[in-house]
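Working notes, structure below.
Chain letters run A, B, ... following the sequence lines, proteins first, then strands; residues in each count from 1.
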Amino acid sequence: MSISLRNVGKTYRRGGMATHALDRVDLDIAEGEFVAIVGPSGCGKSTLLRLLSGLLPASTGEILVNGAPVTKPSGEMGIVFQAPVLLDWRSVRDNLLFQVEMRGLKKADYTARADDLLRRVGLAEFADRYPYELSGGMRQRCAIARSLIHDPVMLIMDEPFGALDALTREQMRLDLEALWMATRKTVLFITHSIDEAVLLSDRVVVMSPRPGRIERIIPVAMPRPRGLEGRKSPEFMRISDEITDIFLSRGVLTAGVGAGP
Amino acid sequence: MSISLRNVGKTYRRGGMATHALDRVDLDIAEGEFVAIVGPSGCGKSTLLRLLSGLLPASTGEILVNGAPVTKPSGEMGIVFQAPVLLDWRSVRDNLLFQVEMRGLKKADYTARADDLLRRVGLAEFADRYPYELSGGMRQRCAIARSLIHDPVMLIMDEPFGALDALTREQMRLDLEALWMATRKTVLFITHSIDEAVLLSDRVVVMSPRPGRIERIIPVAMPRPRGLEGRKSPEFMRISDEITDIFLSRGVLTAGVGAGP
Amino acid sequence: QDKVTFRLNWIAYGFHTPFYLGVERGYYKDEGIDLTIGEGQGSVRAVQTVGAKGDTFGLADGGSVVAGVTKGAPVRAVMAVTNSSPYALSARADSGIKTLKDFEGKTVASAPGEAGLQLLPALFARNGVDAAKVKVLRVEGAGKMVAVAEKKAEGLMAGLDNQSITLPRQGVPLVDFGYAANGVNTVGLTIVANEETLKANPDLVRRFVKATVRSFQAAVKEPEASIKAGQKVKADMEADLAMAQLKAGIGLMTSEASKSLPMGQFALKDWQDTVDLMKQYQDLQTDKAADAFFTNEFAAKSGS
Amino acid sequence: MGAVRRIVLDHWKVVATFAAIFAIWEFAVLALGVKPYILPKPSVVMTQMFARMPTILDGALATLQPMLIGYVLAVAVGVLLALLVAFSQSFRETLYPVIVFLQIVPKIAVAPLFLIWFGYGLLPKVLLVFLLSFFPIVVSAVSAFRSVDTDIIDLARATGAGPGRIFWKVQLPHALPTLFTGFKVSAALSATGALVAEFVASDRGLGYLLVGYSNNLDTPMAFATILVISIMGLALYAAVEAVERIAIPWHVSRRNTEPELSGNP
Amino acid sequence: MGAVRRIVLDHWKVVATFAAIFAIWEFAVLALGVKPYILPKPSVVMTQMFARMPTILDGALATLQPMLIGYVLAVAVGVLLALLVAFSQSFRETLYPVIVFLQIVPKIAVAPLFLIWFGYGLLPKVLLVFLLSFFPIVVSAVSAFRSVDTDIIDLARATGAGPGRIFWKVQLPHALPTLFTGFKVSAALSATGALVAEFVASDRGLGYLLVGYSNNLDTPMAFATILVISIMGLALYAAVEAVERIAIPWHVSRRNTEPELSGNP
Ligand SMILES: Nc1ncnc2c1ncn2[C@@H]1O[C@H](COP(=O)(O)OP(=O)(O)OP(=O)(O)O)[C@@H](O)[C@H]1O
Ligand SMILES: Nc1ncnc2c1ncn2[C@@H]1O[C@H](COP(=O)(O)OP(=O)(O)OP(=O)(O)O)[C@@H](O)[C@H]1O
Ligand SMILES: [Mg+2]
Ligand SMILES: [Mg+2]
């Protein structure tokens, strides 16, 4: 699945107020490519996800998936939203199978796969629990498993590892890399972790603050698998520093003062 | 505000199922101390927060605040929950002032402070927006500002910076440190970031997986402010490595395989 | 056998039992009529359903027939069941009311919109009562009786075959001032049929009237048998009460003007009075003559 | 703002719909030759209504009073009962079944008794309107109060606030959308309530007029009366809806999220 | 499991409450010397009821049919209408006001017309029950269908599923709790509906019996009839609640989160 964004912009309006979230974004993602997006909070990353997936119409410009304009969600993507968005009334397993049911596939064909995915994300014991019985990180893992169950050709993930502890996060990153190497799905990966972006992607898209624009696109030419050792490669350091510098150039960190009296 | 946990345990039950979330936790937090908690997802950190704040009764053991057993929420704490939990029907500013109203204080006395806090977390422009108009990170910043508006004597924060980008996160850390140094509030800080835990706290509590126990308590004897440079100190490296080792010793990272076919 | 439905004017009570008696004894069958009797929800309703040909025949009081016909319902009264109106103004026996005049300064309970209430001014006018001095308390159905029993009102708008029997049985004896007996008569219960039926099948009407007259004659002779026939259909019909109702109804079958007529026939004067009273007191607007509402054609032919 | 224009536009459609219904009705009566005592033409109903406007208006005024008082009572008592039921287990186990039973007992059957117990004035009418319309409020309020997210309740409790304040600041606002469905259903019932009360006991009001008209087979006037009481009910309903619009501008169902559900025009 | 035991315990309290009410009633009638035609003793009501059981049962059977059919119709049509209103803007702007108007028109006033139009059979009764009870379902269902979280709708839409599937898998389950408040209110109304229908448009059933009994001032039997119709209504209500319990085990209001709101026993 290849994706092209041409001069895409998005403005949210309510009453007289407008929020200019995205401005003139041009980006091409090739079939089988792994692209990471980093950028400050509120720069329009989640908005971009919603535009790409066809959930929201762009205000300007054009979005093409495999050359055809996106008008509505296609169901070919696996999406991890920023919030877990689990269905209260379904058990953890049935939250995974939701994807299957919504696509009109046979549940029975996927239950084994669901249990396997749950095992991989460490939720095997919790398959029959309800979302409110999960911890924050467990919910997020459930959402990740859900995005994979129907074996989508493209993955869009919005900070999928945000609520995970360092170790689990590292493990999930390794798993994702392995998955990608095995299947070469097209992946768009939104993250706040510069490390993660560099370690996972073929290219890192760095965005500027609201209204979000593409500041720079940095190719990552590191051999795969980058695994645990990736952090030690000079290429990793160079790119991480480059991204950090872009961020720093925008706002100077102040050895700030807490809230007043 | 000082806190003592004596042999505290918690088991969730539904029907015949039980989840043993916390087991025999003993911990003392002195007045004015900054304690960080790290531990794998699902180890009971959020549960601990709910016990401490009086939202949930412990199954076993005893929790003392200033020597008195906790029976119900006291309102003296500032709490950042893991999810932002904003009130849909209130504007961003009014979400902050919610704390004030719930404590029966005069709203008018706090509006200036609310706007000041919103400015500090970068939401000044959004004071009159509704929660659904915020990005994930913006919601979390709103929740952080909300926990501070009533100038509580103690702060309990559950992954407050989880949804923030690297730069904002760093800035918020610096702000929190400055605030603490200026006011010496008692702080309990739950995080997934080992860096953050070490850079902020007087002691790091490392927890083991479910049922959650305290694995080790590591004092951090680094001078303050630790600021941006803290990461370079040898003490930081030593403690970070120690914590990472504890984590690693529990589960070996596998250069995993993605979800099956 | 013609299939025929007959709509009563009310829930089956004592005075309806002759119809059941007729069915039981095969009087209708003898006339080639396979009769189904349905209980009803008031005369107005019976006129409407017969007018809309939902039922072949119906039981309705003269006032409802007049109102229906003037509003365009294609119906006509084909047989008199009671030529006297059942309306009465009744008072508690212990209220000290001895004459209609005594109602001045007293309270009377009545259901809103009741026909008897609308004609009350006529009753008062003809008996020299100052209507302005009588207070009317409006309450529906059972509430009306309870108001009297509870002394919230001294009198009530009663039916001689209804409340005038029920209340005394609950330990509240009454004195009744019948409208008919006090110069305000309107036609009582009549059998109504659709005009179209009259034209298309006059023989059916004749046979129905004939069987009905026979039924009532039998009931007058053997009231117990009539009640028994009723009880067979309505198991919880109370024999005593039903008997009292039947007797009261039988007492209303003739009027001053129809005394000498055979059972089932109307007197033109009664209809004339009905129309005149309604014009004066019930805002009736019609230029139809009194004989436009009924016919004696069938009762006369079937008369014994 | 577009809101005003939108409301006007909405109303145009509504007016058009009703006009169409009346037209069809008029035409059907004409074409099928329906007799006026069975179903009068709307044009006749209107003419009659305007001809006897003073009588009708008098009746309407008399009916309005118990209808409004009864409704307000239903809202107040309904919400109160819902509170008791929602927040006290013992009330839920003892009082609620009684409330349900009270609702289910057909009030119309016991109405005459009310007269005897409470006299013949305004009180029994108000009570009937109240009894006929309070239940939807209780049911929806109970469900609303009890279904606040536990997260939000935790947030509120953590402030140390008492249950009263939590109720006012959290549960009530959260419950408002559901609460208003109850208010609206009740508003729609209160016109019927007032009418029933007057059927049973009254010497004025629309219900009283209606009984008279139907007894005299004056179907056009009966329809006129029904029309007027319905308009009164509609007005109350519209008022409640207006309050709803003001009270809950934030509700999801009112956010104009940009695209509607895919596949819907 | 504890559930069964809890239900039994619940019912004990309910039974006790009703027993208490009956006891007070009996005692009050005795102590105050209330006349039986005003308020009979419950013991008398019971005796009379059992004495004339066959009649009552006959009537109950006759009433049950329109009540159930009408209710089922109300549920089916109500949900359908709600769908149209919730998901089609043009329906919302044209159909909804008509529905509201239909609800507000006092059915009891138009009931006699039904009788003329549809005869004395089952149809007018079913229609009346339907008309009296469908509206709460529509209102609550519209509100329920329209208030699903946008997040959840996005999740559903992102699967590429059509609106039909989104409705079945997301909106309907999400709406169930609110939907059931409508079902319950309607269930409670349907007994009244059946009774009213029989008051004005029937020649059998409990409503019909009731008219007769009150006309004869047979208050004990009138009360017995009211009791029976109420019990029928209650049974329907309980059945709907049972279905609710099965259909939505997940709802917040059913989770037994450990402590209740602070400050509540
Ligand atoms: N309300 C609840 N009912 C049942 N089980 C629960 C509930 N809340 C939490 N748990 C269970 O308790 C355990 C600890 O949960 P908790 O939320 O405290 O974890 P945590 O340390 O905060 O994890 P995370 O870092 O993922 O947020 C988990 O196994 C979870 O499934
Ligand atoms: N539904 C909405 N209505 C109005 N404004 C919105 C809406 N959603 C997002 N915005 C605004 O658009 C901008 C971009 O939001 P978005 O959620 O895309 O940011 P983001 O890059 O994902 O941020 P974060 O990293 O904090 O999640 C923000 O300023 C936000 O306030
Ligand atoms: Mg985002
Ligand atoms: Mg947690």
field: B:Arg224: salt bridge (charged side-chain N to carboxylate O under 4.0 Å, His left out) partners, not counting sequence neighbours
entry: B:Glu177, B:Asp202
query: Distance from A:Ile194 atom CD1 to B:Leu167 atom CG, nearest 0.5 Å?
result: 8.0 Å
Top contributor to chain B contacts, counting heavy-atom pairs under 4.5 Å, from A:Ala163, A:Gly42, A:Gly137: A:Ala163
task: Sort A:Glu125 into side chain, backbone, both or neither according to what part of it lies under 4.5 angstrom from a heavy atom of chain B.
output: side chain
task: Report yes if the side chains of B:Met17 and A:Arg129 come closer than 4.5 Å at any heavy-atom pair, otherwise no.
output: yes
- line: B:Asp241 meets the salt bridge (charged side-chain N to carboxylate O under 4.0 Å, His left out) criterion, sequence neighbours left out, with none
query: Side chain, backbone, both or neither: which part of A:Pro40 has a non-hydrogen atom closer than 4.5 Å to chain B?
result: both
message: Quick check for you: to the nearest 0.5 Å, what is the distance between A:Gln82 atom CD and B:Gln140 atom CD?
response: 9.0 Å
Side chain / backbone / both / neither for A:Asp158 at chain B, heavy atoms under 4.5 Å: neither
query: Is the backbone N or O of B:Ser41 less than 3.5 Å from a side-chain atom of A:Asp165, with the two atoms forming a donor-acceptor pair by type?
result: yes
